[in-house]
Every structure is written in structure tokens, then in C-alpha cells.
**Q** 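Attaching a single structure in C-alpha cells format; questions to follow.
Sequence lines set the chain letters: A, B, ... in the order given, protein chains first and strands last, and positions in each chain run from 1.
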2 protein chains.
Amino acid sequence: MTDRTTLGDLQHAIMRVLWRRGEATAAEVHAALEPERGLAPTTIATMLRKMETKGVIEHRVEGRQFIYRPTVSEAEVRRSMVDELVDRVFAGDPTALVGHLLAEHRVEPEELDHVRQIIEDASDREEEAT
Amino acid sequence: MTDRTTLGDLQHAIMRVLWRRGEATAAEVHAALEPERGLAPTTIATMLRKMETKGVIEHRVEGRQFIYRPTVSEAEVRRSMVDELVDRVFAGDPTALVGHLLAEHRVEPEELDHVRQIIEDASDREEEAT
DNA sequence: CCAAATCAACTACCAAGGTAATACTACCTC
DNA sequence: GAGGTAGTATTACCTTGGTAGTTGATTTGG
């Protein structure tokens with residue numbers, strides 16, 4: 001089940017565009033990434049085709065254009081990429097990654113409280129919904 | 001400065017052996033990884049050579065054997081790999097990754113308190129040292 | 001109706017990670 | 001000294017991500 005959907009940097013950038021807009025043509029994706037990446041339009045088109053083969057996006061035809069949209073959610077990708085990192089680098093222990101983040105990345109304790117609060121609220125709502 | 005030292009899965013497994021033991025020959029690394037990976041000895045040897053080219057390990061000669069040892073620490077690798085994930089997947093916001101971990105990976109709040117305690121203690125010691 | 005623009009498809013490279021057989025070399029043993 | 005053994009070097013192949021030129025079909029503007 002756990003599909004381990006890993007994306008490269010460009011693939012991820014493309015997915016971000018698709019997630020934000022719901023769907024887009026190759027030209028639109030290219031336009032969106034042009035500023036910071038300056039890639040050839042064909043590069044985007046090729047990557048889109050590869051990504052479709054890989055199964056992370058699909059397209060429908062509109063006239064002579066392909067309109068692509070994601071088949072995996074941002075949450076799924078996050079999850080599998082974080083899982084992979086946790087397995088590879090922290091021996092499967094997510095708490096160790098949290099520790100690392102607090103120690104190395106200077107995540108403020110107040111921020112942490114805030115985050116925890118959000119989680120707890122969410123859990124509460126979940127229980128209520130039972 | 002920030003070298004962005006990314007390691008593949010096998011490379012990471014090899015590094016773990018080297019970090020644990022301080023140094024090891026190709027045969028020793030192979031022996032250590034044999035059980036769970038079952039790779040050919042030459043595969044390990046080839047990978048070690050590639051990793052040395054890449055600069056993450058180095059070797060000294062002892063008789064006709066090469067004894068490899070890490071040139072980068074586990075902490076450095078962790079840091080750059082986590083940085084990369086945070087940049088790619090969480091738009092550079094480490095707190096977002098913490099949130100994800102708490103929400104998706106069911107990190108227990110008690111665990112969190114524990115982790116935070118460790119961090120705070122460390123900060124205290126740091127201040128004392130001033 | 002023809003030329004220019006628009007798209008997708010095809011083809012081609014490069015780098016890096018991974019995997020391994022084969023070749024070479026030096027040493028050790030009989 | 002011959003042969004096996006241990007160990008490194010060479011070579012080779014596959015996959016995936018990334019990058020892009022060229023080609024071919026289609027559509028549309030003049």
C-alpha cells in the first residue's frame with residue numbers, strides 16, 4: 001500500500017503548480033515556473049509525460065491540448081517522503097526527527113506549543129465526531 | 001558552505017556501518033550488510049569507491065587492504081538531508097514538518113514533552129557555559 | 001489556400017545511484 | 001616456482017531525474 005512516492009526537485013515544483021491550480025496545460029506549468037527556473041517548454045512537457053508514466057499525474061484532452069492534473073495529493077507525497085527520510089536517516093523513529101528539528105533548526109518552544117495545540121484541537125474534534 | 005550532502009539508500013547503509021565502527025574494510029562493510037541486503041562484495045567495493053570520489057569517505061592503506069572511514073559526520077548528513085526535505089516539501093518551514101510529524105506520525109505528546117525537556121536542558125547548559 | 005504558430009511525440013544526452021562480472025595483481029602456501 | 005586466494009581496478013549496464021532539440025501534425029490567421 002504505502003507507495004513510497006518520491007519526487008525529484010523539478011517534479012515537485014511541477015506538482016506544486018498542479019496542486020495549487022487543480023489542473024494546467026504544459027504551457028501554463030511552464031509559464032508558472034519560468035521566472036525562477038527558466039527552463040525550455042519542452043523540458044516541462046517531457047517531465048509531465050514522464051510523471052504521467054510514473055503515475056503521479058494524468059491528463060484529459062481538450063482540443064489539441066493536454067490538461068494535466070495530480071493523481072496524488074500533496075499530503076500523500078509529504079507523507080511518503082517524510083516516511084522515507086525517517087526510515088533512512090532516523091532509523092524509523094519520527095520522534096528523533098522532531099528532536100533533530102528542535103535542536104538543529106531552532107524551532108521555538110512557543111511554536112511547538114502552538115503546533116501541539118493545533119494537533120490536540122484536531123484530535124478533540126475527531127473524538128467529538130465519533 | 002551548506003554542502004547539501006545527499007546520500008542514496010545503499011550509501012547511507014554503508015555510512016551507518018562506517019559511523020558505528022569508525023572505520024572498516026570493504027569486506028567488513030559487506031559482511032555487515034550481507035544479512036539484510038545480500039549484495040555482491042564487488043557492489044560494496046564499487047560503491048565505496050564512488051563514495052570516496054564523491055568525498056564522503058576516504059581510505060588509508062594497510063597491507064593490500066583499504067580501510068575506509070567517513071569524512072562527514074552523521075549529524076552533517078542528517079542536517080543537510082533534513083534541510084533538503086524541508087526546502088522541497090515544506091517550503092523551508094521546519095515548524096511545518098514538526099506539525100506534519102505530530103499529525104501524521106502519531107508522535108505522543110509525552111514524547112514531545114520529553115524531547116522538549118532534552119532541548120531545554122541543552123540550552124541551559126549552553127547558557128551556563130557562557 | 002498557404003504560411004506561421006501551436007502542441008505533443010520522438011529522440012538524444014548527461015549525471016548519479018545501484019549492481020555486478022571480469023580482469024589484474026600481489027601475496028601466501030605447498 | 002606454481003597455483004590458489006584475497007583484494008582492488010576496470011568495465012558495463014540499468015534506472016531515474018533532468019534538460020532540450022527536432023519532427024510531425026493541426027489549427028488558425030492573413
Side-chain angles (χ1 to χ4, degrees), chain A residues 3-18 23-31 33-34 36-69 72 77 80-81 84-85 87-89, chain B residues 3-17 23-34 36-69 72 77 80-81 84-85 87-89:
Chain A
D3 261 46
R4 207 98 308 189
T5 304
T6 304
L7 300 178
D9 198 44
L10 176 59
Q11 299 187 346
H12 217 280
I14 291 175
M15 286 307 273
R16 270 192 302 270
V17 175
L18 259 22
E23 51 176 37
T25 64
E28 285 166 347
V29 174
H30 176 251
L33 299 179
E34 230 292 314
E36 70 256 31
R37 304 223 169 210
L39 293 169
T42 52
T43 300
I44 303 296
T46 302
M47 202 61 231
L48 283 167
R49 233 168 307 112
K50 287 188 175 184
M51 287 165 75
E52 186 161 34
T53 301
K54 182 195 178 97
V56 294
I57 62 176
E58 63 184 13
H59 78 272
R60 67 190 167 81
V61 179
E62 174 113 350
R64 68 233 115 312
Q65 287 191 156
F66 282 14
I67 304 185
Y68 291 95
R69 61 184 195 77
V72 293
V77 171
S80 77
M81 291 189 72
E84 185 144 340
L85 185 82
D87 285 352
R88 267 225 225 314
V89 184
Chain B
D3 262 44
R4 209 92 317 183
T5 304
T6 304
L7 300 177
D9 198 44
L10 176 59
Q11 299 187 346
H12 216 281
I14 291 174
M15 287 307 272
R16 268 192 303 271
V17 175
E23 52 176 35
T25 64
E28 285 167 346
V29 173
H30 175 252
L33 299 179
E34 230 292 313
E36 70 255 32
R37 305 223 169 210
L39 293 169
T42 51
T43 300
I44 302 297
T46 303
M47 203 60 233
L48 283 166
R49 231 168 306 110
K50 285 189 175 182
M51 287 165 74
E52 186 161 34
T53 301
K54 181 196 178 98
V56 294
I57 62 176
E58 62 184 14
H59 79 272
R60 67 190 166 81
V61 179
E62 175 114 349
R64 67 231 111 339
Q65 287 193 157
F66 283 14
I67 303 184
Y68 291 95
R69 62 184 194 78
V72 293
V77 171
S80 76
M81 291 189 73
E84 186 144 340
L85 185 82
D87 285 352
R88 267 224 223 316
V89 184

**Q** Near DNA chain D, counting only heavy atoms under 4.0 Å, which residues of residues 40-55 of chain A show up?
**A** A:Ala40, A:Thr42, A:Thr43, A:Thr46, A:Met47, A:Lys50, A:Lys54
**Q** Quick check: closest heavy atoms across A:Met15 and A:Val56, and the distance to 0.1 Å?
**A**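 Nearest heavy atoms, A:Met15 then A:Val56: CE-O, 3.5 Å.
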**Q** Do B:Leu10 and B:Lys50 have side chains that get closer than 4.5 Å, going by heavy atoms?
**A**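 Counting from C-beta outward, B:Leu10 and B:Lys50 never come under 4.5 Å.
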**Q** Side chains of residues 36-45 of chain A: which donor-acceptor partners sit under 3.5 Å, not counting sequence neighbours?
**A**
from	atom 1	to	atom 2	distance (Å)
A:Arg37	NH2	A:Asp9	OD2	3.2

**Q** Checking B:Thr46 now: which residues fulfil side chain to side chain donor-acceptor pair (under 3.5 Å) with it, not counting sequence neighbours?
**A** none
**Q** State, with a plain yes or no, whether a side-chain heavy atom of B:Val61 is found less than 4.5 Å away from one of B:Phe66.
**A** yes
**Q** Excluding sequence neighbours, so at least two apart, what forms side chain to side chain donor-acceptor pair (under 3.5 Å) with B:Glu52?
**A**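 So B:Glu52 forms a side chain to side chain donor-acceptor pair (under 3.5 Å) with B:His59.
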**Q** Could you name each residue pair satisfying salt bridge (charged side-chain N to carboxylate O under 4.0 Å, His left out) that touches residues 58-69 of chain B, not counting sequence neighbours?
**A** B:Glu23-B:Arg60, B:Glu58-B:Arg69, B:Arg60-B:Glu62
**Q** Could you check which residues of residues 24-34 of chain B get a heavy atom under 4.0 Å from DNA chain D? Sort them by number, please.
**A**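 Under 4.0 Å from DNA chain D: no residue of residues 24-34 of chain B.
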**Q** Which two nucleotides bound the region of DNA chain D that has atoms under 4.0 Å from heavy atoms of chain A, read 5' to 3'?
**A**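 Listed 5' to 3', the contact boundaries are D:dG17 to D:dT28.
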**Q** How close do B:Ile14 and B:Leu48 get, counting heavy atoms only, and between which atoms?
**A** CG2-CD2, 3.7 Å
**Q** Please name all residues satisfying salt bridge (charged side-chain N to carboxylate O under 4.0 Å, His left out) with A:Asp87, sequence neighbours left out, ordered by chain then number.
**A**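 Testing A:Asp87 for salt bridge (charged side-chain N to carboxylate O under 4.0 Å, His left out), a comparison that skips the adjacent residues, returns A:Arg4.
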**Q** Going 5' to 3' along DNA chain C, which nucleotides are the first and last within contact of chain A (any atom under 4.0 Å from a heavy atom)?
**A** C:dC7 to C:dC10
**Q** List for me each residue that meets side chain to side chain donor-acceptor pair (under 3.5 Å) alongside A:Arg16, sequence neighbours excluded, and say none if there are none.
**A**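 Once residues adjacent in sequence are excluded, the partners of A:Arg16 under the side chain to side chain donor-acceptor pair (under 3.5 Å) criterion are A:His12.
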**Q** How about A:Glu84 and B:Leu85: do any of their side-chain heavy atoms sit closer than 4.5 Å?
**A**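 Not touching, per the 4.5 Å side-chain cut-off.
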**Q** Near DNA chain D, which residues from residues 9-18 of chain A have a heavy atom under 4.0 Å away?
**A**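 Within residues 9-18 of chain A, the residues near DNA chain D are A:Asp9, A:Leu10, A:Gln11.
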**Q** Taking only residues two or more places apart in sequence or in another chain, which ones pass side-chain contact (heavy atoms from CB on, under 4.5 Å) with B:Glu28?
**A**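 Only B:Arg21, B:Ala24, B:Thr25 meet the side-chain contact (heavy atoms from CB on, under 4.5 Å) criterion with B:Glu28.
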